K.L.:
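I have a structure I would like to understand better, so I am pasting it below and will then ask my questions one at a time.
Small disclaimer: the values here were computed from a predicted structure and weren't measured. Position 1 is the first residue of the sequence, and the numbers go up from there.
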Amino acid sequence: MAITFSVPGDPVPQPRPRVSTAGGFARAYVPASHAIHGYRQAVALAAKAAGLKEATAPVSVIVDAVFARPKSHLNKSGVKKSAPRLPRPDVDNIGKAVLDALQEVMGDDANVSRLVVEKTYGTEGRTTVRVT
């Protein structure tokens, strides 16, 4: 059984945690104002709406991350030759953000036996996830 869902807007990669000390103990955290929190919530809600349930067997996750191409990459005849071919965020950070969001719905991401993450530019940003 395959479940596919999409989240509109540019994908948000998992950021590196900030570290602070309090009372002599180090604490790693992601600032509450970071966009990753809203992105994870949107992915989790879309997964629930698509009918994704807790994973009891190994699953395969395919993530298609499409970023809106900035206007600065375009000229009158199309995409500039100097424009980058791929968006900046690393695919592993995009995959980590999606898997962390799916943990709320399907449980521990240790059940993911295969993860494929592709990133491209498009006219509109979106994240499409397929779980089989």
Side-chain angles (χ1 to χ4, degrees):
M1 182 169 93
I3 294 178
T4 303
F5 59 91
S6 192
V7 178
D10 278 351
V12 179
Q14 179 67 32
R16 296 201 185 282
R18 306 268 171 102
V19 179
S20 69
T21 57
F25 295 97
R27 180 178 85 96
Y29 68 98
V30 175
S33 62
H34 198 282
I36 190 65
H37 300 293
Y39 178 70
R40 278 194 207 150
Q41 194 172 36
V43 170
L45 287 173
K48 286 177 188 174
L52 188 63
K53 304 271 189 236
E54 187 170 348
T56 57
V59 296
S60 172
V61 179
I62 299 172
V63 180
D64 183 23
V66 179
F67 292 83
R69 188 176 282 281
K71 290 182 180 180
S72 62
H73 290 189
L74 306 173
N75 58 24
K76 290 181 183 177
S77 59
V79 178
K80 294 179 183 177
K81 289 185 178 188
S82 61
R85 292 173 160 258
L86 292 173
R88 182 77 175 117
D90 295 346
V91 291
D92 58 332
N93 293 334
I94 296 167
K96 177 75 173 144
V98 170
L99 289 182
D100 285 353
L102 292 179
Q103 264 189 325
E104 295 179 28
V105 182
M106 64 180 211
D108 191 7
D109 59 3
N111 287 327
V112 176
S113 63
R114 178 174 172 245
L115 174 64
V116 177
V117 182
E118 297 176 346
K119 65 178 182 175
T120 58
Y121 277 119
T123 55
E124 292 181 354
R126 67 171 166 72
T127 304
T128 302
V129 181
R130 182 174 187 190
V131 180
T132 53

K.L.:
Between atom CG of Leu86 and atom OG1 of Thr120, what is the distance when rounded to the nearest 0.5 Å?
P.N.:
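Atom-to-atom, Leu86:CG and Thr120:OG1 are 8.5 Å apart.
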K.L.:
Looking only at heavy atoms, what is the nearest atom pair of Ala46 and Ser6, with distance?
P.N.:
CB-O, 4.1 Å
K.L.:
Taking Lys119 for its side chain and Pro89 for its backbone only, find out whether a donor-acceptor pair lies under 3.5 Å.
P.N.:
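Side chain of Lys119 to backbone of Pro89, a donor-acceptor pair under 3.5 Å: yes, one is there.
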K.L.:
Which ILVMFWY residues are connected to Val116, directly or by a chain of links, through side-chain heavy atoms under 4.5 Å apart?
P.N.:
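ILVMFWY cluster around Val116 also holds Ile62.
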K.L.:
If you look only at pairs with a residue in residues 94-111, which of them pass as a salt bridge (Lys or Arg N to Asp or Glu O under 4.0 Å), with sequence neighbours excluded?
P.N.:
Arg40-Asp100, Lys96-Asp100
K.L.:
So which atom in Val105 and which in Ala44 form the shortest heavy-atom distance, rounded to 0.1 Å?
P.N.:
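Distance-wise, the nearest heavy atoms are CG2-O, 3.6 Å.
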K.L.:
Sequence neighbours left out, what pairs pass side-chain hydrogen bond (donor to acceptor under 3.5 Å, both in side chains) with at least one residue falling in residues 17-32?
P.N.:
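Passing the test, one end in residues 17-32: no pairs.
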K.L.:
If the condition is salt bridge (charged side-chain N to carboxylate O under 4.0 Å, His left out), which residues does Asp64 pass it with, not counting sequence neighbours?
P.N.:
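Counting only residues at least two positions away or on another chain, Asp64 forms a salt bridge (charged side-chain N to carboxylate O under 4.0 Å, His left out) with Arg126.
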K.L.:
Considering all heavy atoms of both residues, which atom of His34 and which atom of Pro13 are nearest to each other, and what is their separation?
P.N.:
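Scanning both residues completely, I find the closest heavy atoms to be CE1-O, 4.5 Å.
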K.L.:
Given side chain to side chain contact (heavy atoms under 4.5 Å, CB included), test Val129 with Val98 step by step and report yes or no.
P.N.:
CA-CA 8 Å; Val129 181; Val98 170; 4.0 Å; yes
K.L.:
Roughly how far, to the nearest 0.5 Å, is CZ of Arg85 from OH of Tyr121?
P.N.:
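The distance works out to 12.5 Å.
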K.L.:
How many angstroms lie between CG in Asp92 and CG in Leu99, if you round to the nearest 0.5 Å?
P.N.:
11.0 Å
K.L.:
Verify the cluster assignment for Leu115 and Tyr39: are they in a single hydrophobic cluster under the rule of side-chain heavy atoms below 4.5 Å apart?
P.N.:
yes
K.L.:
Show your reasoning for whether side chain to side chain contact (heavy atoms under 4.5 Å, CB included) applies to Gln14 and Ile36.
P.N.:
CA-CA 7 Å; Gln14 179 67 32; Ile36 190 65; 3.7 Å; yes
K.L.:
Tell me who clusters with Val79, hydrophobic residues only, linked when side chains sit under 4.5 Å apart either directly or through other members.
P.N.:
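Its cluster partners, ordered by chain and number, are Leu74.
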K.L.:
Among the clusters formed by ILVMFWY side chains lying less than 4.5 Å apart, do Met106 and Leu45 turn up in the same one?
P.N.:
no
K.L.:
Walk me through whether Thr127 and Val66 qualify under side chain to side chain contact (heavy atoms under 4.5 Å, CB included).
P.N.:
CA-CA 6 Å; Thr127 304; Val66 179; over 6 Å; no
K.L.:
Under a 4.5 Å cut-off applied to non-hydrogen side-chain atoms, are Val61 and Arg130 in contact?
P.N.:
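Sidechains of Arg130 and Val61: no contact.
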K.L.:
If you compare all heavy atoms of Ala47 against all heavy atoms of Leu102, which two are closest, and at what distance to 0.1 Å?
P.N.:
CB-CD2, 3.8 Å
K.L.:
So does Pro31 get a backbone contact from the side chain of His37, meaning a donor-acceptor N/O pair under 3.5 Å?
P.N.:
yes
K.L.:
Keeping Asp90 on the side-chain end and Asn93 on the backbone end, is there a donor-acceptor pair under 3.5 Å?
P.N.:
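It does not hold such a pair.
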K.L.:
Any chance you could lay out the side chain to side chain contact (heavy atoms under 4.5 Å, CB included) test for Phe67 and Ile94, step after step, and finish with the verdict?
P.N.:
CA-CA 12 Å; Phe67 292 83; Ile94 296 167; 3.8 Å; yes
K.L.:
Enumerate the side-chain hydrogen bond (donor to acceptor under 3.5 Å, both in side chains) contacts for residues 42-62, please, sequence neighbours excluded, ordered by first and then second residue.
P.N.:
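Passing the test, one end in residues 42-62: Ser60-Arg114.
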K.L.:
Should we say atom CD of Gln103 is surrounded by more than 12 heavy atoms from elsewhere, each under 6.0 Å from it?
P.N.:
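Atom CD in Gln103 is packed in, count exceeds 12.
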K.L.:
Taking all non-hydrogen atoms of both residues into account, name the closest pair between Ala50 and Thr4 and its distance.
P.N.:
CB-O, 4.2 Å
